[in-house]
There are 2 protein chains.
Amino acid sequence: MTKITTCEVDTALDLITGKWKHSILLLLINGESLRFSELKRALPKISQKILTAQLRDLEEQEVIVRTVYPEVPPRVDYQLSEYGKTLIPVLEAMNEWGIRHAEKMRTR
Amino acid sequence: MTKITTCEVDTALDLITGKWKHSILLLLINGESLRFSELKRALPKISQKILTAQLRDLEEQEVIVRTVYPEVPPRVDYQLSEYGKTLIPVLEAMNEWGIRHAEKMRTR
DNA sequence: TGGTATAGTTACTTAAAAGATACTAATGAA
DNA sequence: TTCATTAGTATCTTTTAAGTAACTATACCA
């Protein structure tokens, strides 16, 4: 077994943490490709500024792909990159743990 | 496949995020049981206040166990609970992803 | 009598993340 | 000519997380 190191875990955490990033990722996992406005609608409480910032972060890490269509009004869509898909097992592990944890907290 | 939900992922994230929590967890995974002062030494830049706060959080979620020995000077040690050990696969998934990500970023 | 050790607490400050609100460019449609 | 649409920016404010520094209790040891 490879030893788990703080540093490598940090790297993965950076991509998932923040109030919104993992929600964005999950939408893109489940919904294929989504426009800016669709993400905004799916996360009604996020502000445009924050949504933009988070998307830019994810794009910079090459986890999502941003496609601009030269139309008016503008159209931009976001999808998980092939690379981003490698995050799915990580989110799955967290999801499974979360389900068990919720159950545990419910029955105590 | 179970659908990954924001809410369950959130639960797991809460336990791992913050500047120090996952480092504390990793120390306890690798080092069995550690005293407050040992954790402090292992994380030289954390303040006592924050270390206490993070440990209390983890204890409240039943992820770690706090044992007080009625001695003077006081002795308190912390260890992963059986339940806490169920987090190991989650950290492992993140660790593996982190290693691959580091490699990718290095070779681009 | 004063110093040392451990595991904290308390009160205050700073930095980082997030939020609110108003604004823009370009085009077509009424 | 004005309005609607989309994907943003720019500025300012608030909230949350983290950090700093000083203080405490208790017993032992010199």
Side-chain angles (χ1 to χ4, degrees), chain A residues 6 9-28 31-61 63-80, chain B residues 6-7 9-28 31-61 63-79:
Chain A
T6 298
V9 172
D10 259 335
T11 308
L13 269 176
D14 273 0
L15 270 150
I16 300 171
T17 56
K19 193 166 170 186
W20 300 106
K21 265 182 203 158
H22 64 286
S23 305
I24 295 171
L25 289 172
L26 294 179
L27 285 168
L28 293 176
E32 291 298 305
S33 132
L34 292 171
R35 298 181 61 167
F36 184 88
S37 53
E38 291 173 312
L39 288 165
K40 183 81 189 58
R41 258 190 296 282
L43 305 168
K45 293 192 182 164
I46 201 175
S47 73
Q48 285 181 291
K49 180 197 151 187
I50 301 294
L51 180 54
T52 304
Q54 308 299 286
L55 289 168
R56 290 289 183 282
D57 270 11
L58 292 169
E59 191 194 357
E60 205 168 308
Q61 303 292 314
V63 163
I64 63 173
V65 177
R66 176 173 181 265
T67 312
V68 181
Y69 300 89
E71 303 174 359
V72 170
R75 180 155 70 100
V76 176
D77 75 29
Y78 295 91
Q79 49 191 301
L80 223 54
Chain B
T6 298
C7 158
V9 171
D10 258 337
T11 308
L13 269 177
D14 273 359
L15 271 149
I16 300 170
T17 57
K19 194 166 170 187
W20 300 106
K21 266 183 202 157
H22 63 286
S23 305
I24 295 170
L25 288 172
L26 294 179
L27 285 167
L28 294 176
E32 290 299 302
S33 133
L34 292 170
R35 299 181 60 169
F36 184 89
S37 54
E38 291 173 312
L39 288 164
K40 182 82 189 57
R41 258 190 297 282
L43 305 168
K45 293 192 182 162
I46 200 175
S47 72
Q48 287 181 292
K49 180 197 150 186
I50 301 295
L51 180 53
T52 305
Q54 308 299 286
L55 290 168
R56 291 288 184 282
D57 269 12
L58 293 169
E59 191 195 355
E60 205 168 308
Q61 304 292 314
V63 163
I64 63 174
V65 177
R66 178 174 179 264
T67 311
V68 181
Y69 300 89
E71 302 173 3
V72 171
R75 180 154 71 98
V76 177
D77 74 29
Y78 295 90
Q79 49 190 302

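Values below: all heavy atoms of this structure, side chains included; hydrogens, waters and symmetry mates excluded. Letters A, B, ... are given to chains in the order of the sequence lines, protein chains preceding strands, and every chain is numbered from 1.
Residue A:Trp20 has its side chain nearest to C:dG19 when only C:dT9, C:dA18, C:dG19 are considered. For A:Lys49, counting side-chain heavy atoms from C-beta on, the closest listed nucleotide (C:dA7, C:dA18, D:dA7) is C:dA18. Picking from D:dT6, C:dA7, C:dG8 the nucleotide with the shortest atom distance to the side chain of A:Pro73 gives D:dT6. Closest approach to the A:Thr52 side chain among D:dA7, D:dT9, C:dA7 is made by D:dT9 (side chain taken as heavy atoms from C-beta onward).
Taking atom NZ on A:Lys45 and atom C1' on D:dT15, their separation rounds to 16 Å, with Å as the unit. Atom CD in A:Glu71 sits about 16 Å away from atom C1' in D:dA4, given to the nearest Å. One atom, CG of B:Leu55, and another, P of C:dT6, lie 16 Å apart when rounded to the nearest Å. Taking atom CZ on A:Arg75 and atom C1' on D:dG8, their separation rounds to 16 Å, with Å as the unit. Atom pair A:Asp57:CG and C:dA16:P shows a separation of 15 Å (rounding to whole Å applied). Here the P atom of nucleotide D:dA17 and the CG atom of B:Leu51 are 17 Å apart, to the nearest Å. If you take CD1 of B:Ile46 and P of D:dA17, they are 15 Å apart, rounded to a whole angstrom. In this structure, B:Tyr78 atom OH and C:dG8 atom C1' are separated by 8 Å, rounded to whole Å.
Put simply, B:Arg66 has a side-chain N or O that comes within less than 4.0 Å of OP1 or OP2 on C:dG8. In terms of phosphate contacts, B:Arg56 brings a side-chain nitrogen or oxygen within less than 4.0 Å of OP1 or OP2 of C:dT9. B:Lys19 has a side-chain polar atom (N or O) that falls below the 4.0 Å cut-off from OP1 or OP2 of D:dG19. Of the side-chain N and O atoms in B:Arg35, none sit less than 4.0 angstrom from OP1 or OP2 of C:dT6.
Taking each heavy atom of A:Leu55 and A:Phe36 in turn, the nearest pair found is CD1-CD1, 3.9 Å.
Other residues, nucleotides and ligands place no more than 12 heavy atoms under 6.0 Å from the CD atom of A:Glu32.
Within the 4.0 angstrom heavy-atom criterion, no nucleotide atom of any strand lies near B:Glu38. Within the 4.0 angstrom heavy-atom criterion, no nucleotide atom of any strand lies near B:Tyr69. B:Ser47 comes within 4.0 angstrom of a base, heavy atoms only.
To the nearest 0.5 Å, atoms CG (A:Leu13) and NZ (B:Lys21) are separated by 11.5 Å. The distance from atom CD of B:Gln54 to atom CG of B:Leu39, rounded to the nearest 0.5 Å, is 12.0 Å.
The nearest heavy atom of DNA chain C to A:Gln48 and to B:Ala53 marks one nucleotide each, and the one closer to the 5' end goes with B:Ala53. Between A:Val72 and A:Val68, it is A:Val72 whose nearest contact on DNA chain D lies nearer the 5' terminus. Remark on DNA chain C: of its neighbouring residues B:Ser37 and A:Ile50, the 5'-side contact belongs to B:Ser37, judged by nearest-heavy-atom nucleotide.
The one candidate from A:Leu25, A:Val65, A:Leu58, A:Leu27 that meets the side-chain contact (heavy atoms from CB on, under 4.5 Å) condition with A:Leu80 is A:Leu25.
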Given A:Ile24 and A:Leu51, is the side-chain contact (heavy atoms from CB on, under 4.5 Å) satisfied, shown in steps? CA-CA 9 Å; A:Ile24 295 171; A:Leu51 180 54; 3.8 Å; yes
